[in-house]
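What you see is a predicted model, and the numbers here were worked out from it, not measured in a lab.
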Amino acid sequence: YYLDIIYIIFMIENTKTKKIPNNKKPNKINRFFRILGPGIITGAADDDPSGIATYSQTGAQFGFGMLWTAFYQIPLLIAIQETCARIGAVTGKGLAGVVKENFSKKALLVVVFLVVIANTINIGADIGAIASAAELVWDLPFAFYAIAFAILIVALEVFVSYKKYVKFLKWLALVLVAYIFTALIIDHSWGEIIRATFIPSIKFDFEYLFIITGVFGTTITPYMFFWQASEEVEEEIAHHNLPQKGGTPHGLKKFLHNMRIDTSVGMLWSQLAQWFIIITTASVLFKNGITDINSAAEAAKALEPLVQSFPNSGQIAKDIFAIGIIGLGLLGIPVLAGSAAYALSEALGWKEGLYRKLSQAKGFYAVIIASTLVGLLMNFIGINPFKALVFTAVFNGLAAVPLIFVIAKINSNKKILGDYSGNKLSRSLVWFTFVLMAASALGLLYTLLNK
């Protein structure tokens, strides 16, 4: 069935790439799918292995208690990502480039340092996760899988256009539909689920604040800020709205309209996946006394009800889980490495962009290779791969706070964005996100010091 999945994806994508005759206009459905780009890919990458692990641990540890985060994060996530995308589209530069031109060197160093460190740690955790997931399918050494996947990821990102292979990999995000089906076939109280979705349940203790900081950090996460801003610039170059050498973008009104649709769809899909992952793990793991997930095999148990009528259902559940983790890892790790490369290259004035060849942007691709290799080495210092995913999410939650502050300042600055600066709703949501995540981070640090 692995080959069947690959064949179906290939046929769909091959059909999509066929040119529409000049005398035939694309219908509304085709136009909608043509709009989807950086936003939908960013949303899919948001549910990377770190995200799946954090949401799984959330459901296993607190049951339905944190379902409200999936709902209330929707406007915050859309506002942050729309702002980052708009900054890139309007200025024709990535976030680090904008910070470099308009803020102090100290601010630039802090921004670049945080995103490079956070992304490298996240890369290491994700490589460990996909290696552990692969072990569930074929019993080969962890080290073999970790090294093989790291080499594959670097080779794809350096020698193959990301836009070419991501159109196949993004379909593997549909494996998350397995959580939706599982949640729908399990017998549980939907009244309780609805209440937990709309009525927040908050506790002021270390365990709760640790996980909620991780949930915020893996959802509203630093690498997405830099990635989507830079990818919108590449979209403008691809659509000839901006020359490769830089300048003032044109055709912004229509481009921003499409960008907002793309971003909203991507972020809604991300949060829907989070909601169902928490429901599934709460219903299967939490209710059966599994409140602390220590391995990929334990996390995969959440999908067993979906295939319980099949022979060898335990292995099938592991296979489905592994396909999702590996596919989303291969989708997300290049985003992590790429966003770090964008930030550092813009700060140092190097040529950057995935549309460039290796010979045209050696420094940019050197960062991608170095961050992936450093992340790989992290897996050989004795850290539990699954636990590392949750700790990574928490670190991202802490690192995101100063970055959101900078984004909020840019969003309000008419000198930078002109007529495209954030409106009242956008500014309010971005500043509220900053306050909320700062409060979560400070609360976590306070309870840690007084534990």
Side-chain angles (χ1 to χ4, degrees), residues 9 13 37-52 84 88 94-95 115-116 118-131 133-134 145-173 218 221-235 238 266 270 323-346 352-358 361-376 378-379 389 392 396:
I9 292 171
E13 287 299 332
I40 195 71
I41 291 170
T42 305
D46 193 26
D47 292 315
D48 68 341
S50 178
I52 294 175
C84 294
L95 275 180
V115 74
V116 171
N119 286 14
T120 302
I121 293 172
N122 208 336
I123 288 169
D126 281 1
I127 289 174
I130 61 178
Y145 282 123
I147 294 170
F149 279 119
I151 293 172
L152 174 63
I153 289 163
V154 169
L156 285 173
E157 197 160 13
V158 173
F159 299 110
V160 181
S161 168
Y162 183 74
K163 292 183 183 298
K164 286 183 179 179
Y165 72 82
V166 76
K167 66 182 182 180
F168 296 100
L169 287 177
K170 69 185 179 183
W171 286 95
L172 294 182
T218 198
T221 191
Y223 70 83
M224 289 171 59
F225 310 158
F226 288 82
W227 173 262
Q228 192 165 356
S230 295
E231 281 299 287
E232 295 298 343
V233 176
E234 294 208 11
E235 280 287 296
S270 170
I323 291 171
I325 289 289
I326 294 169
L328 291 167
L330 293 176
L331 181 72
I333 293 173
V335 173
L336 289 159
S339 60
Y342 280 123
L344 194 56
S345 298
E346 289 166 356
E352 39 81 21
L354 290 170
Y355 63 91
R356 298 182 189 273
K357 295 181 179 179
L358 176 61
K362 293 179 181 178
F364 174 78
Y365 283 106
V367 177
I368 288 175
I369 295 169
S371 58
T372 304
L373 292 179
V374 172
L376 170 64
M378 286 174 52
N379 287 281
L389 294 171
T392 297
N396 281 331

Heavy-atom pair of closest approach, residues [X] and [Y]:
{"X": "Ile368", "Y": "Glu157", "value": "CG2-OE1, 3.5 Å"}
{"X": "Ala131", "Y": "Ala146", "value": "CB-N, 3.7 Å"}
{"X": "Gly363", "Y": "Ser345", "value": "C-OG, 4.5 Å"}

Applying side chain to side chain contact (heavy atoms under 4.5 Å, CB included), can you list everything that pairs with [X], at least two apart in sequence or on another chain?
{"X": "Lys362", "value": "none"}
{"X": "Ala134", "value": "Tyr145, Phe149, Ile326"}
{"X": "Leu358", "value": "Val158, Phe159, Tyr365"}

> Who are the side chain to side chain donor-acceptor pair (under 3.5 Å) partners of Ser270, not counting sequence neighbours?
Replying inline: Asp46
Got a second to check how far [X]'s [atom1] is from [Y]'s [atom2], nearest 0.5 Å?
{"X": "Ile147", "Y": "Leu376", "atom1": "CD1", "atom2": "CG", "result": "6.0 Å"}
{"X": "Asp48", "Y": "Asn122", "atom1": "CG", "atom2": "CG", "result": "5.5 Å"}
{"X": "Asn379", "Y": "Ile127", "atom1": "CG", "atom2": "CD1", "result": "6.5 Å"}
{"X": "Met378", "Y": "Asp126", "atom1": "CE", "atom2": "CG", "result": "10.0 Å"}
{"X": "Thr221", "Y": "Asn396", "atom1": "OG1", "atom2": "CG", "result": "3.5 Å"}
{"X": "Phe226", "Y": "Cys84", "atom1": "CZ", "atom2": "SG", "result": "8.0 Å"}

> Picking from Thr372, Val154, Ile153, what satisfies side chain to side chain contact (heavy atoms under 4.5 Å, CB included) with Pro334?
Replying inline: Ile153
>> Run Leu330 and Leu152 through side-chain contact (heavy atoms from CB on, under 4.5 Å) and show every step you take.
In response: CA-CA 9 Å; Leu330 293 176; Leu152 174 63; 4.2 Å; yes
>> If you define the side chain from C-beta out and look only at heavy atoms, does anything of Ile333 sit under 4.5 Å from Ile130?
In response: yes
Could you pull out all donor-acceptor pairs under 3.5 Å where a side-chain atom in residues 336-344 meets a protein atom, sequence neighbours excluded?
| unit_1 | atom_1 | unit_2 | atom_2 | d |
| --- | --- | --- | --- | --- |
| Ser339 | OG | Asn119 | ND2 | 2.6 |
| Ser339 | OG | Val335 | O | 3.0 |
| Ser339 | OG | Leu336 | O | 3.0 |
| Tyr342 | OH | Glu231 | OE2 | 3.0 |
| Tyr342 | OH | Glu234 | OE2 | 2.3 |

> Ignoring hydrogens and geometry, is there a side-chain-to-backbone donor-acceptor pair from Ser50 to Leu389 under 3.5 Å?
Replying inline: yes
